[in-house]
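What follows is a single structure, written as structure tokens, with notes after it.
Fair warning: this is a prediction, and the values are worked out from it, not measured in the lab. All residue numbers refer to positions in the sequence shown, counting from 1.
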Amino acid sequence: MPPMAQRKTTKDVVCAVTGSNGLPIGNPSPERISHVSWDAEAGPVSCREGNDTVLNSEYELVSHVVSTDDDPSLNPWTFRSVFIGLGLSAFSSALAEIYYFKPQTLTVSPMFLAIISYVIGTAMDTFIPRRGIFSWLNPHPFNKKENAFVIIMASAAANAALATEVLAVQRLYYNVDPNPAASIFLLFSSQLLGYGIGGLLRSVLVYPSKMFYPSVLPLVSMLDTFFRDGTMVQRKIQVFWTIFSIIFVWELFPEWIFPLLTGFSVFCLAAPNNPAVSRLFGGSNGNEGLGVFSICFDWLYISALNPFTVPLKALISALFGYILCIAVFTAVFYGDVWKARNFPFLSQVLFYENGTLYDQSLIMDANYQVNPQLVAEQGLPYYASTWVVYLIATNLALAATIMHLLIWNHGDLRAAWTWLSPASFWRTWNEFDWRFWKYDGRHREVKVTDDLDPHYVQMLKYPDTPSSWYGLIAVLSLVVAFVFIYKSDSTLPWWGLVIALLLATIFILFVVALYAMTGVPLSIQTFVQMVAGYLHPGKPMANMYFVLYSYNTMNQAQLLLRDLKVAQYVKLPPRAAFVAQIIGTVFGATINFVLMNSIISNRHDTLLSIQGSNVWSGQQVQQYNSQAIVWGGLSSELFSIGSRYHWVPLSYVIGLFLPVPFWLVHRYWPKLRTDFIYTPLICGFVGTLAAGINTSALSFLIVGFASQWWLRTRCPHWFRKYNYVVAAALDGGTQVMVFILSFAVFGAAGYAHLFPSWWGANQAGNYDHCMLLQ
């Protein structure tokens, strides 16, 4: 090991390529900033740090956990990378769209794509000759940048485009069949609009070290491990494949053979026939209970938000929110707030006052519009009270996000709006060159500071993607959106589209910033559905298009910015990342549309039926349409001031003030450390147990604190070397096994094969043996 005094730090390299004013000297050459000396065991450390130094800041974390080394000679532009990328894009987009119309759900994660692409790329490298006629198929060893190029392209295509859901609802329920060419352009505009807006904000949401996207660190650590040399790296590879193999075999038990391990509760086993015990301590099945003191041994559920990656501050706020959630849900239900005792403890559907399911078809006319007279006859529907708490918590969290970031992170985000000042605007205007295709990508005015991600410093050697490219995508997508909503039967007016995009832009800045700093995503879907319901009452189709251009735009921007951070960590040139994202998105959306049309044409009646079949189901289309009807037709009646659920919109106003007391306390009494509190996350986690399998919550917190507090402070050397590698191995092994089980026994191939019922697999009731509540 070389003496610490001889090691170079990122700061040393930065100083070597910048002047005294902090600006790069010309355009740094690859030779000047391509390499930062790395210790084989602990990564880059300064002369003031030892191997047991605790990583306290985001800058230290991304400098030590992720390699800042870069080899500019590694070429991502190969036939192999494009071939594998297109193949996996077709595979992931086809699966996503097909399983949108299946009774089972199946997702393809970036981690799964990373492992599969690594295996395929390595196989092509191994078996295709590097000389002779096939040398162009295998020009050099498969490298990290090729793998990252493939991952970014395939992950951009790995979701069913939300526009296909809108088009499916139109065809199935409204007898509206837009022109195929217009539909394709709708998909392109709705998928790319978020890319354009997000790309323009990348200097705020990607380049700084504070925006470190903790959720991608396991993926990047895995790529580092696969493609680096050295004894320590070999040990990491052994650890990765050992953990991968163990969890791969282990997941067979909680997922199929022994599902009691999904949620082990002593209380349920002691009192299996007590409904109160089931509500409070049960949780191994969907909408069963809160899962208090239950332990989950299924990594699939524990890692819905990987606890190895969530920062300690976020975990503390999550713990507070989790405790409040248990208290509030219990108080609301047993206090009979909003007639809670009439309805199930946990549910997301609508009910009549007597607790029976609300028949939404009885309040709609022949054109699927909500009829006020029919609503008066049927009565307004009710929600389960815990779901109302979830809606309130979501609005509190979204509003608190804006205020929290404005007062705590104003300096980090100010670049997003300072360009609007007259001086900045005129300077930009005077420097603007409409010949954007001649932009050479040279970084002329990058001020390198301690807050700038050291990985971004390494990216300065590559030509940047011009902001004009992202701006052009945003403008073209916007024009297409305006044309489509007027040439089709969208019922969304132009000003509704403008409001949707304004909301999307605001939330891209604040919600994505929170996600980038904590790894915790927030959904704006219910909020924008409610806003659309107020703006366009009685128009469910307008509601769907409003959600498409607000919620989906923000979601796409978040995916783009996350993948740009991955590209920055692995030093994939910006233009390669841009091309990979655009190709994956456009190619995936096209496949989505083709398959959606084919499935609806051939399975029209099955998709309209309530039960569907064991192979095809329209449940997700039905649910999406029902949500649009409820939010589009009943928002005013349910959520206006003086109505039954008026605290849902009022909570947004209240949420704006929640972060202020903590900020004031920290300003005058900093030793109380209220800067550790993320009020948006506390609010968001107050509703976290409203749906799904809840036994994983406690296990998530235990693993999270063990990683981010105990390991990080007590065993920092181990944390640096293995924390994120183990996280990647657990995720990878789990997702590969679940993918196999989905086809083998869970019905993805048509028929489900449950494991024979026994004490550890209670197929007739809840797996944890708590009372099955009707």
Side-chain angles (χ1 to χ4, degrees), residues 22-24 57-59 61-62 193-216 311 398 400-421 423-425 427-428 431-432 441 443-460 464-474 501-522 524 553-569 574 577-578 581 659 678 680:
L23 301 180
S57 68
E58 295 87 353
Y59 184 92
L61 181 68
V62 300
L193 192 53
Y195 279 13
I197 299 173
L200 293 173
L201 292 172
R202 67 194 188 281
S203 62
V204 178
L205 298 175
V206 177
Y207 299 162
S209 60
K210 283 187 178 180
M211 308 298 173
F212 71 114
Y213 292 81
S215 61
V216 307
L398 291 175
T401 297
I402 294 175
M403 182 58 71
H404 179 95
L405 293 177
L406 282 176
I407 60 179
W408 288 98
N409 300 92
H410 179 270
D412 301 317
L413 302 181
R414 61 178 303 183
W417 58 77
T418 52
W419 65 272
L420 291 172
S421 67
S424 297
F425 181 82
R427 183 170 62 252
T428 302
E431 295 175 356
F432 177 73
H443 300 264
R444 294 183 176 86
E445 294 187 4
V446 179
K447 186 176 182 180
V448 181
T449 65
D450 287 340
D451 184 56
L452 198 63
D453 191 333
H455 302 276
Y456 176 65
V457 175
Q458 291 282 2
M459 297 287 280
L460 296 177
D464 194 15
T465 303
S467 293
S468 57
W469 292 11
Y470 289 106
L472 183 62
I473 287 176
L501 293 177
L502 286 175
L503 287 175
T505 303
I506 292 171
F507 284 123
I508 286 171
L509 178 60
F510 290 99
V511 174
V512 175
L514 183 71
Y515 171 71
M517 291 187 287
T518 67
V520 180
L522 295 179
I524 68 169
T553 297
M554 194 218 80
N555 195 50
Q556 287 294 106
Q558 183 167 288
L559 294 177
L560 167 116
L561 293 165
R562 180 202 68 186
D563 288 348
L564 286 182
K565 195 67 177 184
V566 172
Q568 185 167 297
Y569 280 144
F578 176 85
Q581 288 178 313
Y678 278 102

Do L514 and V520 have side chains that get closer than 4.5 Å, going by heavy atoms? no
Residues two or more places apart in sequence or in another chain: which of them pass side chain to side chain donor-acceptor pair (under 3.5 Å) with S215? Y515
Would you confirm whether T401, through its side chain, and F510, through its main-chain N or O, come within 3.5 Å as a donor-acceptor pair? no
Give a yes or no answer on whether the side chain of R202 reaches the backbone of G199 with a donor-acceptor pair at less than 3.5 Å. yes
Measure the shortest side-chain to side-chain distance between M517 and Y213 over non-hydrogen atoms and say whether it is less than 4.5 angstrom. no
Say you draw a straight line from CG of L564 to CE of M211; how long is it, rounded to the nearest 0.5 Å? 14.5 Å
Quick one, D412 and P208 - any side-chain contact, counting heavy atoms below 4.5 Å? no
Distance-minimising heavy-atom pair for W408 and P659: NE1-O, 4.3 Å
Could you state the interatomic distance from OH (Y678) to OG1 (T518), rounded to the nearest 0.5 Å? 6.5 Å
For the student: nearest non-hydrogen atoms of I508 and A557, plus distance: CD1-CB, 3.5 Å
I'd like to know if the side chain of H455 reaches the main chain of V62, judged simply by a donor and an acceptor atom lying under 3.5 Å from each other, with no hydrogens or angles considered. yes
Is there a side-chain contact between L509 and T505 (heavy atoms, below 4.5 Å)? no
Do F578 and Y195 have side-chain heavy atoms sitting under 4.5 Å apart? no
How far does CE of M554 sit from CG of L193, to the nearest 0.5 angstrom? 13.5 Å
Minimum side-chain heavy-atom gap F507-L502 below 4.5 Å: no
Which atom names give the shortest non-hydrogen contact between L405 and A513, and what distance separates them? CD1-CB, 3.9 Å
What's the shortest heavy-atom distance between P311 and P214, and which atoms? CD-CG, 4.1 Å
Mind listing the closest non-hydrogen atom pair of P521 and Q558 along with its distance? CB-NE2, 4.0 Å
If I take atom CD1 from residue I473 and atom CD from residue Q581, how far apart are they, to the nearest 0.5 angstrom? 9.5 Å
What distance do L201 atom CG and L561 atom CG have between them, rounded to the nearest 0.5 Å? 7.5 Å
Is there a donor-acceptor pair under 3.5 Å between the side chain of K565 and the backbone N or O of V206? yes
Between K210 and D453, is the closest basic N to carboxylate O distance under 4.0 Å? no
Check: Y569 side chain, F212 main-chain N or O, donor-acceptor pair, under 3.5 Å: yes
Between E58 and S209 the two heavy atoms that sit nearest each other are CB-O, 3.4 Å
Flag side-chain contact, heavy atom, 4.5 Å: Q556 against I197: no
